[in-house]
Amino acid sequence: MSGAFRRLATDVPAMLALVVVALFVGAAILADVVAPHDPLAVDLASNYLPASGTHLLGTDHLGRDTFSRLLLGARVSLTIALVATLAGLLVGATLGLLAAWRRGAVDGAIMQGVDVLLSFPDMLLAIAVAAILGRGVSSTIVAVAIFSVPIFARLVRASAQSVVGADFVLASRAAGASATRILLRHVLPQCYAPLLAQGTITLGSAILFASGLSFLGLGVQPPDPEWGAMLSRGRELLRSSPLGAVAPGVAITLVVLSFSLLGDGLKDALDPRR
Amino acid sequence: MTRLTGVMAAMLAAVACGGGAGTDSPAGPRDTLVFAASADATTLDPHNTTDTESDQVIMMMYETLIGFDRDMKIVPRLAERWDVAPDGVTWTFHLRDGIRFHDGTPFNADAVRRNFTRVMDPIANHKRLVLFDMIDRVEAVDDRTVRITTKYPFGAFEPTMAHVSAAIVNPTVAEKFGRDFGLGADRASGTGPYRIVSWKKDQEIVLERNDDYWAEKGKTRRIVYRPIPEAAARVLALEAGDVDVISRIPSADIARLEKEAGIVVTKTPSVGMQQFRFNVTKKPYNDVRVRQAISYAINRRAIVDNLVSSFARPSTGALTPIMRGYANLGEIPYDPDKARALLKAAGYPNGFKTRIATTPRYPMGVELAEALAADLKKVGIEAAIDVIEWGTMVTYWAGLPPEKNPQEIFIMGAGASTADADWGLRPIFRSAPTNENNYGYYSNAEFDRVIEAAMRETDAEKRQQLYRRAQEIVYLEDPGAVWLFDTLYVVASRANVEGVTPSPLGAVTFQQATVH
């Protein structure tokens, strides 16, 4: 494992990405402390202000500080992405383990279910879920989690399949270990590396999907700041007061790109064939 | 890289040249004006439409017996004069001579009679049937005289007759096509200054000057309506010179367009208002003091001056100044202390929690709800915002009984296509069992009495007094809504376009427009 991290440390794009991710995570955690203004404070008399010393990224329609909203938006977006990815990972990994362990009909049923989910265009699926569950943070999380289930299920199944027949697994079966114990103690750890890499990549796409849902008005509801929602509202002013849309747009791009690069870096670094 | 740069340079050049309607300017006016509509017309049957995009084309092709001028005064059109008998119910219209429909059929009293038979036919059930509810019968006295008898003296009869849905269609063509009248270029015929020559669904409608028109003929030979649904794309099309005139401009772009050389922005005081309405059947909105408190808690000036200044004027009554029956009751002052006192008196010293429903379909709809919520918070009311898409929103306004309607405060645009107090107040606030038009279930016995009396009052002075009283009730004493602002109707055109006529009804026409 330590070799893997040494390899990662020499991967320049991945390290840059790690720095960006760390910055945004820091911003998300410290949003209340760092934000120069109350991100929800409406002051109509000072709306549409350009960037300045007081308002680093200017103000929006309602005179709220765009920079402060961006910081709080980082918390909202990252929380949604993290919770949704973990939930998707949990469900996906369980299904994958089950499929690899039981094989036969159970495997067929699970993987066909996963294939059905995969056959929907991701965004369409997320929109459908949000439409059924209603708007808001929690339904956004569910929608994004559902979309990330298939990839984790397939990944874990593939990795697990290669070890369920291995000698050490057979040995612990012979020693009388329960299925749960074998799966959790012996099989799952073999999947950590690809899960970590995929989880990082999924975090990025989860942010993108959550923003997409909010952009369409199905996700986070006003007045709470969320990058996608900010982009959606700011887009109308793109020509006259561009920062309102450009700032959240750049934030989304940076974070998604960083998670993706970091995930790629982890994948390479953790590759046992290297 | 080089190739990419080349492509970009070519694109920039194309944008810079503007390529299209605006650039070719040989001597003399051009023969075509292009209007970017926000949607295609749904039908060109004036009796069966309620959408502005259709009405705008209809107004070019058809005419009413009497009409509105630019200040919403009633003026003669197909009728050269008209009068009402002392009984207040018998109206006589004397028609102009020598007018023909687009296909050459003469226009006469019988055509008028057949038109009203058509629009009032309960079986055909055209969308505008309800507007003519008060008409008892229509008779052709002779070839050029029509007598219309109403069921009761109806104070808003003239504006109703000037409404676009009272337009006279060619009855021969209408009877031939029945329900399909107005659904194609070959099935729409009127007396107006322009006739339709082609209609490619969702692409363009082409109107051509009616050279046999009875009054002042059109200046431009062809008027083209091109649907561009995306608002930002309409603005770009105007800036690039691909189209000559646009309406329904994103509020954020108005100020920028005003400063742009080569573009002229006109703003017309309209019959439109922006409100947030109360569902008065929901606690605590059943208490008038709570509604008054909210009305005083909103800083309308700040909203009008900062958020919507490019297309709004402060409300000064329950109607807009251009409407018949309007009474100036003044702006409602911003008074959070009074709001807190009223809340305390109503038993909510610490405020309460509520929900505001809004839709981005209205300009700045989401931001207005946020501004409202921020003001309410200052008097202790915690309002959560529900952004709801239009399609879902209208299901809450579709004749629901109160127990099935979850909305508490909701955004609402209001206005009256007759520019008259009757249509502007009666359907919206008169007591009704469901919310088919009275979306907030507003109910006030005195208001009902006054509005009913006003409807049957034909004496202008008395009518005005009654409507003033009705507005005092619904605007001040027992508020049915938060009136935020009166809307301005905004149209932008290329500077070389002249004679465009925006109407306070929120429609734009081109009867006398020229493109230089």
Side-chain angles (χ1 to χ4, degrees), chain A residues 37-50 58-66 69 127-128 130-140 213-226 228-246, chain B residues 230-233 235-236 239 249-260 298-310 334 355-361 363-378 382-393 406 484:
Chain A
H37 300 273
D38 175 355
L40 299 178
V42 170
D43 177 12
L44 286 173
S46 50
N47 61 352
Y48 301 136
L49 289 182
T59 59
D60 69 0
H61 306 77
L62 298 166
R64 297 174 299 201
D65 181 53
T66 302
R69 288 180 70 73
I127 290 173
I132 293 165
L133 296 179
R135 301 165 195 78
V137 174
S138 45
S139 55
T140 307
L213 283 179
S214 298
F215 183 86
L216 296 174
L218 295 167
V220 177
Q221 294 295 292
D224 291 335
E226 198 277 345
M230 287 171 74
L231 188 65
S232 172
R233 302 314 306 162
R235 146 191 79 130
E236 288 171 14
L237 288 159
L238 200 54
R239 305 279 302 276
S240 48
S241 152
L243 267 180
V246 171
Chain B
E230 181 67 35
V235 174
L236 281 172
E239 293 182 277
I249 302 158
S251 49
D253 283 317
I254 297 172
R256 191 174 54 78
L257 286 178
E258 280 179 294
K259 289 186 212 120
E260 204 160 310
I298 308 303
N299 190 348
R300 293 173 181 74
R301 265 288 167 181
I303 291 174
V304 171
D305 289 348
N306 299 296
L307 194 57
V308 291
S309 57
S310 59
Y334 173 52
R355 306 197 74 85
I356 302 176
T358 190
T359 163
R361 168 93 165 217
M364 291 281 163
V366 177
E367 288 77 8
L368 287 172
E370 289 182 281
L372 207 68
D375 278 341
L376 291 182
K377 201 170 174 186
K378 290 179 191 148
E382 290 285 341
I385 296 166
D386 297 312
V387 181
I388 299 173
E389 65 269 38
W390 185 250
T392 310
M393 202 75 167
L484 283 185

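Sequence lines set the chain letters: A, B, ... in the order given, protein chains first and strands last, and positions in each chain run from 1.
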Checklist entry - Is the backbone of A:Asn47 close enough, under 3.5 Å, to the side chain of B:Asn306 for a donor and an acceptor to pair up by distance? => result no
Checklist entry - Under the side-chain contact (heavy atoms from CB on, under 4.5 Å) test, which residues partner A:Arg135, sequence neighbours left out? => result A:Gln221, B:Ile388, B:Glu389
Item to check | Which of B:Thr358, B:Val387, B:Thr392, B:Asp386 touches chain A most, by non-hydrogen pairs under 4.5 Å | outcome: B:Val387
Checklist entry - Tell me, do A:Arg64 and B:Glu370 make a side-chain contact under 4.5 Å, heavy atoms counted? => result yes
Next on the checklist: Between B:Leu257 and chain A, with a heavy-atom cut-off of 4.5 Å, which part of the residue counts as in contact: side chain, backbone, both or neither?
Outcome noted: neither
Next on the checklist: Are the side chains of A:Pro222 and B:Glu367 in contact, using a 4.5 Å heavy-atom criterion?
Outcome noted: no
Item to check | Contact winner vs chain B - A:Leu237, A:Asp224, A:Leu62, heavy-atom pairs under 4.5 Å | outcome: A:Leu62
Item to check | Pairs of heavy atoms under 4.5 Å with chain B: top-ranked of A:Ala41, A:Gly136, A:Ala45 | outcome: A:Ala45
Checklist entry - Considering only heavy atoms, which portion of B:Ala302 lies under 4.5 Å from any heavy atom of chain A: side chain, backbone, both, or neither? => result both
Next on the checklist: I'd like to check the side-chain contact (heavy atoms from CB on, under 4.5 Å) partners of A:Leu213; sequence neighbours left out, ordered by chain and number.
Outcome noted: A:Met123, A:Ala126, A:Ile127, A:Ala130, A:Thr140, A:Ala143, A:Leu218
Item to check | Under 4.5 Å from any heavy atom of chain A - which part of B:Ala373 | outcome: neither
Next on the checklist: Taking side chain as everything from C-beta outward and backbone as N, CA, C, O, which of these in B:Asp375 sits under 4.5 Å from a heavy atom of chain A? Side chain, backbone, both or neither.
Outcome noted: neither
